[in-house]
Amino acid sequence: MTETTEPDVTIDSRDATCPGPLMDLIGRVKTLEPGTVVELQTTERNSTTDVPEWLEEAGHDLLGIDERDDHWNIYVEVN
Amino acid sequence: MHRIAIVGAGTGGTVLANRLAEELQTEIEAGDVEVRLITADPEHVYKPMFLYVPFGKKTVEDAKRPVEELIDRRVTLSIGRVIDVDTDRKKLSFADSSVLAYDQLVLATGATLEPEAVPGLAEGGHHFYGPDGAERLRDELAEFTEGHLVLSVVGVPHMCPAAPVEFVLMVDDWLRERGLREDVDLTYTYPINRAHGLESIADWATDLFERRDIALETFFNVEEIDPDDEVIGTVEGNELEYDLLVAIPPHAGSDLVTDAGLGEDGWVDVDRNTLEATNAEDVYAVGDVADVPTSKAGSVAHYEAGVVADRLASRVRGQTPTATYDGKTVCFLEAGMSEATFIEFTYGEEPFVREPSKPLHWAKLGYNESYWLTARGLL
Ligand SMILES: Cc1cc2nc3c(=O)[nH]c(=O)nc-3n(C[C@H](O)[C@H](O)[C@H](O)COP(=O)(O)OP(=O)(O)OC[C@H]3O[C@@H](n4cnc5c(N)ncnc54)[C@H](O)[C@@H]3O)c2cc1C
């Protein structure tokens, strides 16, 4: 994923501790149409493994993970 | 006169009012300060008692005392529901149309249960998170002699992250004591990839579940319940049949908070150390309604109340407040009907789970009895 990707929905879960970011994502994904691209912002390192694992389980696509100065952006496409 | 208004007379609000009455005794008696505790419910409700109601060990009445009996005589008590907070004009509006001005405001309105947020949950599921739910579950459990009992954590965050694990360990023990465990299958479900948000509790619980034949389902996010066919459907596309569903319902903060622009989903955005609201001046939050990265627990409400009392007292005296909250959280966890363990941690720390013991179970029951002294600010 490159910095030019424009997500349809951004979820700012920075400063939330585990499992906050994943739960924020799950809560939102439930309400979104297939094809929606989501950017999840997290400062929790565990999210970089928990989120891909959940996407696999729930059948959504991981588009990529960008490491920023103080957080990660995880890009997801809803199926 | 300096007016301090506290909305909510649960654990956080009551401890705070009593602490302030003590710290500002002289100023209150001189008529320079007013500490006003406002609550919609004239009864103070100690929710941890509800965990014992389904097993017939406590009653809902054991969990209630009139707020009036718990507060210092220097605290002014107002019974009424606040329906609007105006942080620019520093005014509270009440359901009976009256209005109250404040100089400093503390929100301690707790969390509310929202079973309606999940289709079929209110009809198909039981819970022990409120008085009526706990009593209905007691009646249902008393009649439950065989089948599949599912404890499902539906809503996260929820009050007392330990309670679902405690419930399933207690029901296991309780069914064994009554000679029914052979005829009942037990399953515990959790939304993420392990049994609990805190890793050490997840490890501890997973090990105990294995030893006690409690099935564990993870990545289990409930989407809907079919109450007629008794089936749970998940966001992940799985289904689980049940005969008795005990769910931890989704929680929400307060509409007051969202409407006042103090935070999303009804939780107040605060500085996690000073507990001052991010989006308004002279507003604080304590207890479950404050959005801080630790458990929604009575112990948290209690420690936060101590910090806010110190900060408010400093303000009143024209001093710079220095007291801060470090995330201290303390929790007793029942491991069955006669053993418990204990954890303690601060922000970012992973707790250590001690081996469960009988003395810790007695300590938890003892704490519950002495809670009424805690609320009075005496412990
Ligand atoms: C089953 C169960 C077991 C638990 N076990 C434990 C445990 O073992 N240990 C532990 O530490 N914690 C435990 N907890 C959690 C603990 O009970 C809560 O974290 C605690 O009560 C939070 O205190 P509070 O002051 O924030 O809110 P509450 O105690 O919920 O009080 C909220 C107050 O606000 C009032 N209010 C709300 N809205 C308004 C309004 N608009 N106007 C006026 N008044 C209003 C209410 O009437 C109430 O007085 C448990 C909870 C449950 C449900």
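Note: hydrogens, waters and symmetry copies are ignored here, and every other heavy atom, side chains too, is used. Note that the coordinates shown come from a computational prediction; the quantities given were computed from them, not determined experimentally. A, B, ... follow the sequence lines: proteins, then strands. Residue 1 opens every chain.
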Side chains of B:T218 and A:W54, heavy atoms from C-beta outward: is any pair under 4.5 Å?
no
Which atom names give the shortest non-hydrogen contact between A:I26 and B:P191, and what distance separates them?
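Closest pair (atom of A:I26, atom of B:P191, distance): CD1-O, 4.4 Å.
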Would you give the length of the straight line joining atom [atom1] of [X] to atom [atom2] of [Y], rounded to the nearest 0.5 angstrom?
{"X": "B:E236", "Y": "A:E56", "atom1": "CD", "atom2": "CD", "value": "12.5 Å"}
{"X": "B:N238", "Y": "A:E57", "atom1": "CG", "atom2": "CD", "value": "6.0 Å"}
{"X": "B:N193", "Y": "A:D50", "atom1": "CG", "atom2": "CG", "value": "4.5 Å"}

If you draw a 6.0 Å radius around [atom1] in [X], do more than 12 non-hydrogen atoms from other residues or ligands fall strictly inside?
{"X": "A:E33", "atom1": "CD", "answer": "no"}
{"X": "B:E264", "atom1": "CD", "answer": "no"}
{"X": "B:E350", "atom1": "CD", "answer": "yes"}

When only pairs under 4.5 Å are counted, which of B:V235, B:D291, B:N221 shares the most heavy-atom pairs with chain A?
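Heavy-atom pairs under 4.5 Å are most numerous for B:N221.
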For B:R272, is it the side chain, the backbone, both, or neither that has a heavy atom closer than 4.5 Å to a heavy atom of chain A?
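When you check distances to chain A, no heavy atom of B:R272 falls under 4.5 Å.
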